[in-house]
Participant: 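Dropping a structure here in structure tokens format, bear with me for questions.
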Amino acid sequence: MPKWLMQVVLLTLFCSSFTHVQSSHEIEEEEDEISKSQFPKDFLFGTSTSSYQIEGAAFEDGRGLSNWDVFSHTPGMVNNDENGDIADDHYHHYLEDVKLMSSLGINVYRFSISWTRILPKGLYGDINPTGIMFYNNLIDNLLLRGSSELMQAKQGGTIGIVAHTLMYEPLRDEECDRQAAKRALAFIIGWFLDPLVFGEYPAEMRSILGNQLPKLSPKEKSLLRGSLDFIGINHYGALYAKDCYLSACPPEAARPIKGFLETTPLRDGIPIAMAKFFVVPKGMEKIVDYIKIKYHNLPMYITENGYSSPLNESTTMHDVLHDFKRIEYHKAYLAALLRAIR
């Protein structure tokens, strides 16, 4: 079994999000059933959360104010003036949440730390011991139930970077748009990964931006090259890419910093998928294969991929509890990932 296949991690979103993903009516037909046993023995399944979206307890036990606290409490900045003061109340219910995660059969958990819970006054104040205790207790209970937490450790840890990327398809069956799709990937993901893997910015970027990109010294190249232990990918969907060298494009697209390309969800008026985040399961298969080949088989983690149910008047409690659309989404994306592995 190739090394990379056993080290891909699927981390699905465990929490609700302020941004809602609508389900696709055109998700490709996939395998009828997806089971854990179909994946390699060492494949890791997990969940992922963001502290502000789940913790709540915004003003308890010495926690200071974060940018999100200030932003969400500014009238008119968030729909319905909602905020994360309570959220999922994970701060008070983390033991139950860890138990729920364990019942799912996951073995990794990626979470973020609310630094205002640790350093209420930033760099110029004291450490909050109650905040430290909360995260210590969370980690201890995760370990007791057999979950590995995905946090960079000072000792014995690994170093990686997480990049957000869509997959890009040529808008037209023309070479210029195929090159535009390549440039799109270079500008959205190669910008971050190429220097850390190869010690250079992508050739597609250098040819367009030239000296506007930082010039790396031989020492800097040596320090950067091969400095990653793993690559993390946040992936949700796909878009079409159109060349702006030879085709007319809006001014905001026909710019060097954009790679002289335009991205769009529409081809001849037909959307790539009937969804806000352009749900295209086949994009998962393609982006995993692209990164595996380009970046020399580095261990890969899918650090985000998930679905957040839209809230509308037609949604019933039955729909919410049975989570039909999220099940449909994950089955389609897991099937795509399984195809890539095979």
Side-chain angles (χ1 to χ4, degrees), residues 19 21-30 162-198 200-213 231 233-297 300 302 304-305 329 332-333 335-337 339-340:
T19 305
V21 184
Q22 298 173 2
S23 69
S24 169
H25 300 296
E26 296 183 353
I27 290 179
E28 308 101 296
E29 288 188 10
E30 307 291 351
V162 174
H164 175 82
T165 183
L166 300 171
M167 188 59 197
Y168 297 92
E169 297 286 346
L171 178 64
R172 301 162 297 188
D173 186 17
E174 298 178 9
E175 181 59 26
C176 62
D177 282 0
R178 284 189 280 274
Q179 292 300 317
K182 287 180 61 178
R183 291 200 304 277
L185 286 167
F187 272 73
I188 195 170
I189 193 169
W191 196 339
F192 300 98
L193 294 184
D194 277 34
L196 298 171
V197 177
F198 307 122
E200 290 280 5
Y201 286 101
E204 296 90 342
M205 293 190 70
R206 185 66 75 182
S207 67
I208 294 173
L209 297 174
N211 291 332
Q212 293 180 67
L213 282 175
I231 292 172
I233 297 297
N234 294 350
H235 175 75
Y236 290 91
L239 290 172
Y240 293 119
K242 174 189 172 184
D243 173 67
C244 293
Y245 278 126
L246 305 176
S247 305
C249 290
E252 62 270 17
R255 299 169 57 203
I257 196 65
K258 295 288 188 178
F260 290 111
L261 63 95
E262 179 184 11
T263 60
T264 175
L266 301 175
R267 175 191 277 165
D268 299 326
I270 301 172
I272 194 168
M274 299 297 292
K276 186 175 181 179
F277 273 5
F278 318 117
V279 176
V280 184
K282 195 173 291 183
M284 170 69 83
E285 179 181 1
K286 291 185 175 182
I287 196 65
V288 166
D289 198 42
Y290 171 85
I291 292 168
K292 178 257 181 179
I293 293 170
K294 179 169 183 181
Y295 297 108
H296 299 172
N297 215 16
M300 192 189 313
I302 308 300
E304 284 188 24
N305 171 253
Y329 176 97
Y333 269 81
L337 190 58
R339 287 197 303 271

Participant: Applying side chain to side chain contact (heavy atoms under 4.5 Å, CB included), name anything that partners Glu285, two or more places apart in sequence or on another chain.
Facilitator: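 Expected list: Lys282, Ala336, Arg339, Ala340.
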Participant: Start with the C-alpha gap between Lys294 and Tyr290, add the side-chain angles, then the distance that decides, and say whether side chain to side chain contact (heavy atoms under 4.5 Å, CB included) holds.
Facilitator: CA-CA 6 Å; Lys294 179 169 183 181; Tyr290 171 85; 3.5 Å; yes
Participant: State, with a plain yes or no, whether a side-chain heavy atom of Leu266 is found less than 4.5 Å away from one of Ile270.
Facilitator: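 Side-chain contact under 4.5 Å: no.
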Participant: Step by step, would you call Tyr168 with Leu261 a side chain to side chain contact (heavy atoms under 4.5 Å, CB included)?
Facilitator: CA-CA 11 Å; Tyr168 297 92; Leu261 63 95; 6.0 Å; no
Participant: Atom CE of Met167 and atom CD1 of Ile272: how far apart are they, to the nearest 0.5 Å?
Facilitator: 10.0 Å
Participant: Do Val162 and Ile231 come within less than 4.5 Å of each other through their side chains, counting heavy atoms only?
Facilitator: no
Participant: As an exercise, state the distance from NZ of Lys258 to OG1 of Thr263, rounded to the nearest 0.5 Å.
Facilitator: 7.5 Å
Participant: Side chains of Ile208 and Tyr245: closer than 4.5 Å at any heavy-atom pair?
Facilitator: yes
Participant: Drop me the distance from Leu239's CG to Leu166's CG, to the nearest 0.5 angstrom.
Facilitator: 5.0 Å
Participant: Report yes if the distance between the aromatic ring centroids of His296 and Phe198 is under 6.0 Å, otherwise no.
Facilitator: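 Ring centroids of His296 and Phe198 are less than 6.0 Å from each other.
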Participant: CD of Glu252 to CD1 of Ile257: how many Å apart, nearest 0.5 Å?
Facilitator: 15.0 Å
Participant: Would you please name every residue forming a side chain to side chain donor-acceptor pair (under 3.5 Å) with Tyr295, sequence neighbours left out?
Facilitator: Asp194
Participant: Quick check: closest heavy atoms across Pro202 and Ala186, and the distance to 0.1 Å?
Facilitator: CG-O, 3.8 Å
Participant: Using salt bridge (charged side-chain N to carboxylate O under 4.0 Å, His left out) as the criterion, list what pairs up with Arg255, not counting sequence neighbours.
Facilitator: none
Participant: How are the rings of Phe187 and Trp191 set to each other: parallel, tilted or perpendicular (split at 30° and 60°)?
Facilitator: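 Rings of Phe187 and Trp191: perpendicular, as their planes differ by over 60°.
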Participant: Do Glu169 and Arg267 sit within salt-bridge range, that is, some charged N less than 4.0 Å from a carboxylate O?
Facilitator: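 Answer for the salt bridge query: no.
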Participant: Below 4.5 Å, heavy atoms only, C-beta onward: do Thr165 and Leu185 meet side chain to side chain?
Facilitator: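 Side chain of Thr165 against side chain of Leu185, heavy atoms only: contact under 4.5 Å found.
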Participant: Taking the side chain as every heavy atom from C-beta outward, state whether Pro195 and Glu200 have any atom pair closer than 4.5 Å.
Facilitator: no
Participant: Asp243 and Arg183: salt bridge (charged side-chain N to carboxylate O under 4.0 Å, His left out), yes or no, with the steps?
Facilitator: CA-CA 9 Å; Asp243 173 67; Arg183 291 200 304 277; 2.9 Å; yes
Participant: For Tyr201 and Leu213, work out which heavy atoms get closest and say how close.
Facilitator: CB-CD1, 3.8 Å
Participant: Does Asp177 come within less than 4.0 Å of Arg172, counting only side-chain N to carboxylate O?
Facilitator: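 A salt bridge is present here (some side-chain N lies under 4.0 Å from a carboxylate O).
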Participant: Spell out, as yes or no, whether a donor-acceptor pair under 3.5 Å connects the side chain of Ser247 to the backbone of Cys244.
Facilitator: no
Participant: Measuring only between side-chain heavy atoms, which start at C-beta, is Asn305 closer than 4.5 Å to Tyr329?
Facilitator: yes
Participant: Side chains of Val279 and Tyr236: closer than 4.5 Å at any heavy-atom pair?
Facilitator: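 No - every pair of side-chain heavy atoms lies 4.5 Å or more apart.
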Participant: Side chains of Met284 and Val288, heavy atoms from C-beta outward: is any pair under 4.5 Å?
Facilitator: yes
Participant: Mind checking the CD-CD spacing from Gln179 to Glu174? Nearest 0.5 Å is all I need.
Facilitator: 12.5 Å
Participant: Between NZ of Lys242 and SG of Cys249, what distance do you get to the nearest 0.5 Å?
Facilitator: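 With rounding to 0.5 Å, NZ (Lys242) is 4.5 Å from SG (Cys249).
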